Amino acid sequence: MLNVAVLISGAGSNLRAFLEATDDPDFPARVVVVGADRDAEGLDHADHFEVPSFSVPYANFPTREAWGAELAEQLRVWNPDLIVLSGLMRLLPDNVVTEFAPRIINTHPAYLPEFPGAHGVRDALAAGATQTGASVIQVDGGVDTGPILAQERVAVEPGDTEETLHARIKPVERRLLIDVVRRIATGALVLD
Ligand code: GRF
């Protein structure tokens, strides 16, 4: 059974979908803890599934590294086999990436390397793209630059807003994430 820690910053709709998938006893992974960099509303999903959670508020720390050191401390308690960034809107400092890589993956609402960063959906619209996508990548020291583990194209429809396009991308992100975690859990995909 693969023990997974999920990190979020916001509503956690992707976390919710992942918790529903891992709640199936036949799924080869389980969420052992959910962490957030703020008092994220998505932590309620962990409570709903009776999964432990923690918050390490970024605003409480003088530097990104100090925040990362506390985050690593919290994660170490749960000894996760895999860390999933699912809507964590914060770059992990090197001290965290160095300690847990290559066991960190991230979902991104664009077809990387297109539109990396915190506003992938908005940037695709601004660029007039007719298609974008969803990606699951391994986290390295860069901004959405790690090895691509899975990705799929998503059409941009005329009249799309950031909200309507993101709503079309998220279900694809969720499906890709669940499949990647299943492949990691069964050894079909090895992170190195
Ligand atoms: C997801 O699209 C994620 O890839 C991006 O932010 C969104 C988080 O949505 N980084 P939610 O918090 O899971 O609803």
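Nothing here was measured: the structure is a model prediction, and the numbers come from that model. Just follow the structure's listing: the first ligand is 1, and inside any ligand the first atom is 1.
The protein heavy-atom contact nearest to atom 12 (O) of ligand 1 is Gly12 N, 2.9 Å. Closest protein heavy atom to atom 4 (O) of ligand 1: Glu173 OE1, 2.4 Å. Protein heavy atom at the shortest distance from atom 13 (O) of ligand 1 is Asn14 N, 2.9 Å. In this structure, atom 10 (N) of ligand 1 lies nearest to the protein heavy atom Met89 SD, 3.5 Å.
Taking a cut-off of under 4.0 Å to the non-hydrogen atoms of His166, the atoms of ligand 1 that pass are 1 (C), 2 (O), 7 (C).
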Donor-acceptor pairs under 3.5 angstrom involving side-chain atoms of residues 128-137: please list them, not counting sequence neighbours.
unit_1 : atom_1 : unit_2 : atom_2 : d
Ser135 : OG     : Ala110 : O      : 2.6
Ser135 : OG     : Leu112 : N      : 3.0
Ser135 : OG     : Gln151 : NE2    : 3.2

Candidate pair Glu173 and His166, rule side-chain contact (heavy atoms from CB on, under 4.5 Å), full reasoning: CA-CA 10 Å; Glu173 280 185 85; His166 209 163; 4.2 Å; yes
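Of the candidates Ala118, Ala167, Gly87, the one placing a heavy atom closest to atom 6 (O) of ligand 1 is Gly87.
Ligand 1 does not have Ile8 within reach: every non-hydrogen atom of the residue lies 4.0 Å or more from it.
Electrostatic pairing of Asp179 and Arg175 does not count as a salt bridge here, judged by no charged N lying under 4.0 Å from a carboxylate O.
For Ser55 against Asp39, the heavy-atom pair with the smallest separation is OG-N, 3.9 Å.
Residue pairs meeting the side chain to side chain donor-acceptor pair (under 3.5 Å) criterion with at least one partner in residues 73-85, sequence neighbours excluded, are Glu70-Gln74, Glu73-Arg76, Arg76-Glu99.
Phe49 places none of its side-chain heavy atoms less than 4.5 Å from the side chain of Thr22.
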